[in-house]
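To start, the structure itself, in structure tokens.
Along the sequence shown, residues carry numbers from 1. All values below were derived from every heavy atom in this structure, side-chain atoms included, with hydrogens, water molecules and symmetry-related copies excluded.
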Amino acid sequence: MLQSFKYLFSCNLVLSRSLSGYVSRMRYLMRLKEDDEACREALKSGKVLLYHKLSPLLRKTSSGYKLASLKTSDLEQILEKVGKDKHIVNESFLLGCTDKDEPQFSLDVGDLDRSALEQECRGMFVDLRKAFFMIPGPESPLAAKGQALLRWHQTNCFCSATGQPTVRNQSGSFRVCHSSGITYYPKMAPVVIVLVSDGSRCLLARQAMFPPGMYSALSGFCDMGESVEEALHREVAEEVGLEVENLQYSGSQHWPFPQSSFMLACHATVNPDKTQVNIDKAELEDARWFTYEEITEALQNLPRDPRREPPVFWVPPSYAIANQLLQEWANHQQLSRKLHGLK
């Protein structure tokens with residue numbers, strides 16, 4: 001017991017030292033959020049992710065595609081070439097910082113000619129859902145955050161109390177109505193997403209809007225005043241007519257669709273003797289139980305290119321937290337089978 005405690009203590013020391021750069025970076029970001037002049041200065045040496053009507057700019061590389069990140073000075077030159085005032089760069093919103101403390105911003109130029117911009121930027125604007133299939137996994141959260149922040153500002157230009165225009169601060173971390181004094185901050189809507197299991201199978205469903213063949217875990221928005229647990233119990237009962245028993249939290253993820261969601265992921269179990277699914281057809285097109293073999297095959301054969309025909313049955317790709325739930329469930333099933341001498 002002492003050895004394990006000593007090991008944990010030494011790990012915490014190492015972790016604390018490694019986080020010193022992170023703390024410094026977070027405090028730098030906080031300063032940029034609160035100090036308009038500091039943010040303007042940071043923009044001069046920062047990089048900008050460009051969007052056209054909320055579609056991010058991608059560039060082709062030797063290994064595929066990646067998010068295009070433009071130096072502010074280079075972007076200003078491009079804007080002048082396409083006949084636009086370079087000062088619209090100042091309309092960019094602060095996203096964060098790289099590990100090298102390089103500020104990152106996002107800017108939507110949807111009122112400019114798309115083809116001219118793509119030619120000058122040596123890239124192409126791609127719908128975010130398709131871009132997720134094309135860019136490296138670590139870039140997905142940044143692309144999603146950039147779009148979500150742009151969308152929030154585009155839809156919150158007026159005060160809901162007075163109807164008067166709201167004014168952003170330089171970083172874009174809030175908007176203010178000077179008539180009412182109300183300050184608006186970017187928001188995410190809490191959503192529960194749950195993978196239900198009966199012990200040997202897991203339940204997946206699809207909505208009519210899903211791409212052909214794709215099934216995912218059950219999900220739904222939290223109602224006002226609900227806890228995560230209450231929302232999860234209610235959603236499963238409403239959508240598939242099942243009553244869940246045990247719950248286990250897995251993780252969370254920002255998800256930019258349909259507006260900006262905060263996904264709270266959980267595992268849940270139902271009584272193996274009470275697995276009859278009763279689908280709410282207003283919410284779901286289909287829902288059914290899948291075996292371990294079906295899930296592992298789907299996880300190994302994820303579609304890599306949205307332009308190609310997808311498999312008959314497939315699951316959300318690795319950037320989605322639904323995929324994480326499926327990976328965890330499959331790993332648990334594999335371990336359980338080994339313990340019981342099953343293949």
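For the atom pair SG (Cys97) and OH (Tyr22), the distance works out to 11.5 Å, reported to the nearest 0.5 Å. With rounding to the nearest 0.5 angstrom, the CD atom of Glu283 is 9.5 Å from the OG atom of Ser219. We find the NE2-SG distance between His267 and Cys202 to be 10.0 Å, quoted to the nearest 0.5 Å. For the atom pair Met124 CE and Lys60 NZ, the distance stands at 7.5 Å (nearest 0.5 Å). In this structure, the separation between OG on Ser197 and NE2 on His332 is 7.5 Å, given to the nearest 0.5 Å. To the nearest 0.5 Å, atoms CD1 (Ile295) and CG (Leu326) are separated by 5.0 Å.
Contact check for Pro56 versus Leu128: side-chain heavy atoms found under the 4.5 Å cut-off. At a threshold of 4.5 Å between non-hydrogen side-chain atoms, the residues Met26 and Met30 do not count as touching. At a threshold of 4.5 Å between non-hydrogen side-chain atoms, the residues Ser216 and Val315 do not count as touching. In this structure, Leu150 and Leu107 have side chains that are not in contact, with every pair of non-hydrogen atoms separated by 4.5 Å or more. Here the side chains of Glu235 and Glu238 are in contact, with some heavy-atom distance below 4.5 Å. Counting heavy atoms from C-beta on, the side chains of Asp99 and Arg25 come closer than 4.5 Å. Residues Asn90 and Arg40 fail the side-chain proximity criterion, which asks for heavy atoms closer than 4.5 Å. At a threshold of 4.5 Å between non-hydrogen side-chain atoms, the residues Leu54 and Gln154 count as touching.
Note on residues 144-169: no pairs pass salt bridge (Lys or Arg N to Asp or Glu O under 4.0 Å), not counting sequence neighbours. Applying the ring pair (Phe, Tyr, Trp, His ring centres under 6.0 Å) test to every pair with at least one member in residues 187-218, sequence neighbours left out, gives these pairs: Tyr215-Phe290, Tyr215-Phe313. The salt bridge (Lys or Arg N to Asp or Glu O under 4.0 Å) analysis of residues 198-220, with sequence neighbours excluded, yields the pairs Asp198-Arg201, Arg206-Glu285. A side chain to side chain donor-acceptor pair (under 3.5 Å) check over residues 103-120, counting only residues at least two apart or in different chains, returns the pairs Lys84-Asp111, Asp113-Ser115, Arg114-Glu118. Within the structure, the ring pair (Phe, Tyr, Trp, His ring centres under 6.0 Å) test picks out the following pairs touching residues 68-106 (sequence neighbours left out): Phe93-His153. Screening residues 31-57 for ring pair (Phe, Tyr, Trp, His ring centres under 6.0 Å) gives His52-Phe125 as the qualifying pairs, with residues at least two apart or on separate chains. Counting only residues at least two apart or on different chains, no salt bridge (Lys or Arg N to Asp or Glu O under 4.0 Å) pair has a member in residues 258-281.
The shortest heavy-atom contact between Gly172 and Leu149 is O-CD1, 4.0 Å. Of all the heavy atoms in Pro272 and Thr275, the pair that sits closest is O-CG2, 3.5 Å. In this structure, Pro316 and Ala320 approach most closely via the heavy-atom pair CB-CB, 3.8 Å. For Gly123 against Leu57, the heavy-atom pair with the smallest separation is C-CD1, 3.8 Å. Considering every non-hydrogen atom in both Pro211 and Trp314, the closest pair reads CB-CZ2, 3.5 Å. Contact between Ala38 and Leu32 at its shortest, heavy atoms only, is O-CD2, 3.6 Å.
Cluster annotation: Leu204 and Ile193 are assigned to the same hydrophobic cluster (Ile/Leu/Val/Met/Phe/Trp/Tyr, side-chain heavy-atom contacts under 4.5 Å, transitive). Put simply, Met188 and Leu94 are part of two different groups of oily side chains (I, L, V, M, F, W, Y) that touch within less than 4.5 Å, one to the next.
Heavy-atom contacts from other residues, nucleotides or ligands closer than 6.0 Å to CZ of Arg288 number more than 12. Around CD of Glu230, the count of heavy atoms belonging to other residues, nucleotides or ligands within 6.0 Å exceeds 12. Atom CD of Gln207 sits in a crowded spot, with more than 12 heavy atoms from other residues, nucleotides or ligands closer than 6.0 Å.
Val176 forms part of a hydrophobic cluster together with Phe174, Tyr185, judged by ILVMFWY side-chain heavy-atom separations under 4.5 Å. In the hydrophobic clustering, where aliphatic and aromatic side chains (Ile, Leu, Val, Met, Phe, Trp, Tyr) are joined below 4.5 Å either directly or transitively, Trp152 groups with Ile182, Tyr184. In this structure, Trp289 belongs to a hydrophobic cluster whose other members, linked by side-chain heavy atoms under 4.5 Å apart, are Val194, Val196, Leu203, Leu218, Leu232, Val236, Val240, Leu242, Val244, Leu247, Val270, Val277, Ile279, Leu284.
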Going by atom type alone, with no hydrogens or angles, which donor-acceptor pairs under 3.5 Å involve a side-chain atom of residues 70-82 and a protein atom two or more places apart or on another chain?
{"from": "Thr72", "atom 1": "OG1", "to": "Leu43", "atom 2": "O", "distance (Å)": "2.5"}
{"from": "Thr72", "atom 1": "OG1", "to": "Gly46", "atom 2": "O", "distance (Å)": "3.4"}

What side-chain donor-acceptor pairs closer than 3.5 Å can you find for residues 251-266, not counting sequence neighbours?
{"from": "Gln253", "atom 1": "OE1", "to": "Ile321", "atom 2": "N", "distance (Å)": "2.9"}
{"from": "Gln253", "atom 1": "NE2", "to": "Tyr319", "atom 2": "O", "distance (Å)": "2.4"}
{"from": "His254", "atom 1": "NE2", "to": "Ser260", "atom 2": "OG", "distance (Å)": "2.9"}
{"from": "Ser261", "atom 1": "OG", "to": "Phe257", "atom 2": "O", "distance (Å)": "3.0"}

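Formation of a donor-acceptor pair under 3.5 Å by the Ser24 side chain with backbone atoms of Gly21 is not found in this model. When atom types are taken as modelled, the side chain of Asn169 and the backbone of Asp36 share no donor-acceptor pair closer than 3.5 angstrom. In this structure, the side chain of Gln276 does not engage the main chain of Gly241 through any donor-acceptor pair within 3.5 Å. Judged purely by atom type and a 3.5 angstrom limit, Glu328 has no side-chain atom pairing as donor or acceptor with the backbone of Asn323.
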Apply salt bridge (charged side-chain N to carboxylate O under 4.0 Å, His left out) to Glu293 and Arg337, showing your working. CA-CA 12 Å; Glu293 289 77 15; Arg337 287 173 172 232; 2.9 Å; yes
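Taking a cutoff of 4.0 Å between a charged side-chain nitrogen and a carboxylate oxygen, Glu139 and Arg59 do not qualify as a salt bridge.
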